[in-house]
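Only a predicted model underlies this, so the values are computations on that prediction, with no experimental measurement involved. Excluded from the calculations below are hydrogen atoms, water molecules and symmetry mates; all remaining heavy atoms, backbone and side chain alike, are included. In what follows, residues are counted from 1 in the order of the sequence shown.
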Amino acid sequence: MKEPTVAIVDPLWIGHHPMYFGEFGASFLRNGAQVVGICPQPDAGRGEILQAYGDPDAPVDCLPLQTGGRSVLGGRFEGDPWRTFQRWRFAADAIHSAEKQSGKPFDLIYFPYLDSYLRFLPFPRVPEATIARPWSGLYLRNHHYRNGGSLLQTARIFAKGDHLLSSPSCRGIGVLDERYGEALEMQTGQQVTAFPDVTLTDLPESPSAFAKEIARKAKGRKVIGLIGLEKRKGALTMLRLARQCQSEETPWFFVFAGTYDASEFSPSEQEEFASIDRDIRSGQVDHVHFDPAATRIPTEPEFNSLFSSFDLAWAAYLDFAGSSGTLSKAAAFETPVIATEGECIGERVHRFRLGRTIPQDDVEAAKAAINELFSRPHDPDYAGYRSKHSRSRLDHCIAGLLARL
């Protein structure tokens, strides 16, 4: 087979999207493909791919992508029929422009976050009417299949746009949470492959300034950390635990790192964050790091530098069913975790003995579990988790996809 040319397309540039963009681009390169990145920040996108690939001189181009907005329904959903269709049109414009510049047609369009191209658009011919190229992608939020054939499940399948996955030009679908792969195959008629939740593990030559700041503030106390203060990540539960530990003088230091979006929380919940911020500034609280004005940690190595300084990682999410890169980071840096019981994260924590699980939003259970983890060994299988979610497994999955072209 000739050397394939692949476009990696992602309309989002928040959270771990840049990291996934880089990892998929690098994997296609390792599989012998020519790669063009298409994303909202092309310079950063190219940098992510080259960093993951490990060769700053690799021939990778990146082009800008215009993005579609959230739904007209107050921005509550990721899209609506028009805005999701817009994403396909914007992707098509960028793809056709890239082909015109290079003189080479793309053999495959790959979407590392396919969800943005599905919502409320259940029409299988949309890809043929827009990009008109073979395509594939990683589908992250497919947990509506757990409802087992109910009317609610049928409605959600339609609203989430899963019928679009029956597109004749689709070359298969990847998922991170393998539990519903069979149901998705039956619904779409496509091959569904369980992909590893791979993560970049590079560290800077020396600890980042942020990691040094946390070590200084912790003063030898055990560090419990969360990066990305989203409500679904259980930030409020960890905050309430930190408050309780204040009165008990527990020898732990809590790190709330990354961006804080107050609009995710109710007014009373916002006041809890505002209160801890005031107490930190006044000196009444010295066992918590929280900066409501903090920005995104700029690079993955800096993220890793901070994460690797944690004695325990917080993964006690709220109403979250999917996979999480937090477990991949934890296995990479051999950091135990506290996770919510059940669903994908909880099951993996049990299977690989990565830490302890607790009932959702249970402060007392979290405190007891952390005490147990800090006081006795728990025989984790970090190596097993790293093998299951490795770059070599990603490369194997990508090789299988390219073989289907």
With a 4.5 Å cut-off on side-chain heavy atoms, are [Y] and [X] touching?
{"X": "I14", "Y": "H17", "value": "yes"}
{"X": "L12", "Y": "Y113", "value": "yes"}
{"X": "H96", "Y": "Q101", "value": "no"}
{"X": "W252", "Y": "N371", "value": "yes"}
{"X": "F256", "Y": "I276", "value": "no"}
{"X": "C245", "Y": "F254", "value": "yes"}
{"X": "H378", "Y": "E372", "value": "no"}
{"X": "V175", "Y": "F195", "value": "no"}

Do [X] and [Y] make the cut of ring centroids closer than 6.0 angstrom?
{"X": "Y117", "Y": "W88", "value": "yes"}
{"X": "H389", "Y": "Y385", "value": "yes"}
{"X": "F310", "Y": "F307", "value": "yes"}
{"X": "Y110", "Y": "F28", "value": "yes"}

Euclidean distance, [Y] [atom2] relative to [X] [atom1], rounded to 0.5 Å:
{"X": "I358", "Y": "L241", "atom1": "CD1", "atom2": "CG", "result": "8.5 Å"}
{"X": "S97", "Y": "K100", "atom1": "OG", "atom2": "NZ", "result": "8.0 Å"}
{"X": "L229", "Y": "M238", "atom1": "CG", "atom2": "CE", "result": "7.5 Å"}
{"X": "L176", "Y": "L138", "atom1": "CG", "atom2": "CG", "result": "4.5 Å"}
{"X": "S136", "Y": "L108", "atom1": "OG", "atom2": "CG", "result": "6.5 Å"}

- Query: In chain order, what residues pass the ring-ring contact (aromatic ring centres under 6.0 Å, His included) check against F303, with sequence neighbours excluded?
  - Reply: H16
Mind checking what makes side-chain contact (heavy atoms from CB on, under 4.5 Å) contact with [X], not counting sequence neighbours?
{"X": "S282", "value": "D279, Q284"}
{"X": "D286", "value": "K219, R221"}
{"X": "P40", "value": "W13, T67"}
{"X": "R296", "value": "P18, T259"}

Contacts under 3.5 angstrom, residues 321-337 side chains, donor-acceptor by atom type, not counting sequence neighbours:
residue: S323; atom: OG; partner: D197; partner atom: OD2; Å: 2.5
residue: S323; atom: OG; partner: R348; partner atom: NH1; Å: 2.7
residue: S324; atom: OG; partner: Y317; partner atom: OH; Å: 3.1
residue: S324; atom: OG; partner: T326; partner atom: N; Å: 3.0
residue: S324; atom: OG; partner: T326; partner atom: OG1; Å: 3.3
residue: T326; atom: OG1; partner: Y317; partner atom: OH; Å: 3.0
residue: S328; atom: OG; partner: D197; partner atom: O; Å: 2.5
residue: K329; atom: NZ; partner: T199; partner atom: OG1; Å: 3.0
residue: K329; atom: NZ; partner: L200; partner atom: O; Å: 2.8
residue: K329; atom: NZ; partner: E300; partner atom: OE2; Å: 2.7
residue: K329; atom: NZ; partner: N304; partner atom: OD1; Å: 2.6
residue: E334; atom: OE2; partner: R386; partner atom: NH1; Å: 3.2
residue: T335; atom: OG1; partner: F333; partner atom: O; Å: 3.4

- D379 and R353: CA distance, side-chain angles, deciding distance, salt bridge (Lys or Arg N to Asp or Glu O under 4.0 Å) verdict: CA-CA 7 Å; D379 186 31; R353 305 183 301 281; 3.7 Å; yes
- Query: Any salt bridge between R232 and E264, counting N to O under 4.0 Å?
  - Reply: no
- Item | R243 with E272: basic N within carboxylate O range, under 4.0 Å | no
Spell out, as yes or no, whether a donor-acceptor pair under 3.5 Å connects the side chain of [X] to the backbone of [Y].
{"X": "T5", "Y": "D107", "answer": "no"}
{"X": "K233", "Y": "I227", "answer": "yes"}
{"X": "S167", "Y": "L164", "answer": "no"}
{"X": "D115", "Y": "Y139", "answer": "no"}
{"X": "S309", "Y": "L306", "answer": "yes"}
{"X": "S102", "Y": "A98", "answer": "yes"}
{"X": "S305", "Y": "P301", "answer": "no"}
{"X": "D291", "Y": "A293", "answer": "yes"}

Is there a donor-acceptor contact under 3.5 Å linking the side chains of [X] and [Y]?
{"X": "S169", "Y": "E128", "result": "yes"}
{"X": "Q360", "Y": "E341", "result": "no"}
{"X": "Q66", "Y": "Q86", "result": "no"}

- Item | Qualifying ring pair (Phe, Tyr, Trp, His ring centres under 6.0 Å) pairs, either residue in residues 257-276, two or more places apart | Y260-F265, Y260-F273, Y260-F290, F265-F273, F273-F290
- Message: Does anything in residues 202-238 form a ring pair (Phe, Tyr, Trp, His ring centres under 6.0 Å)? List the pairs, not counting sequence neighbours.
- Response: F210-H289
For residues 46-65, dump all side-chain donor-acceptor pairs below 3.5 Å to protein atoms at least two apart in sequence or in another chain.
residue: R46; atom: NE; partner: V60; partner atom: O; Å: 2.6
residue: D55; atom: OD1; partner: D57; partner atom: N; Å: 2.9

- Message: What verdict does the salt bridge (Lys or Arg N to Asp or Glu O under 4.0 Å) test give for R179 and D177, after you've listed the backbone C-alpha separation in whole Å, the side-chain angles of each residue and the deciding distance to 0.1 Å?
- Response: CA-CA 6 Å; R179 294 177 299 163; D177 182 351; 2.7 Å; yes
- Message: Is there a side chain to side chain contact (heavy atoms under 4.5 Å, CB included) between E99 and K104? Walk through the geometry before answering.
- Response: CA-CA 5 Å; E99 289 180 331; K104 294 181 180 179; over 6 Å; no
Let me check something: any side-chain donor-acceptor pairs from residues 392-405 under 3.5 Å, sequence neighbours excluded? List them with distances.
residue: S392; atom: OG; partner: S390; partner atom: OG; Å: 2.8
residue: R393; atom: NH1; partner: K388; partner atom: O; Å: 2.6
residue: R393; atom: NH2; partner: A194; partner atom: O; Å: 3.3
residue: D395; atom: OD1; partner: S27; partner atom: OG; Å: 2.6
residue: D395; atom: OD1; partner: R30; partner atom: NE; Å: 3.2
residue: D395; atom: OD1; partner: R30; partner atom: NH2; Å: 2.9
residue: D395; atom: OD2; partner: R30; partner atom: NE; Å: 2.8
residue: R404; atom: NE; partner: R171; partner atom: O; Å: 3.0
residue: R404; atom: NH1; partner: G400; partner atom: O; Å: 3.4
residue: R404; atom: NH2; partner: R171; partner atom: O; Å: 3.1

- Query: Run the side chain to side chain contact (heavy atoms under 4.5 Å, CB included) check on L312 and L373 step by step: do they pass?
  - Reply: CA-CA 9 Å; L312 184 142; L373 279 171; 3.6 Å; yes
- Task: Check side-chain hydrogen bond (donor to acceptor under 3.5 Å, both in side chains) between Q270 and all other residues, then give those that pass, not counting sequence neighbours.
- Result: none
- Task: Mind jotting down which residue pairs meet the side chain to side chain donor-acceptor pair (under 3.5 Å) criterion with at least one end in residues 181-192? Sequence neighbours excluded, please.
- Result: H163-Q187
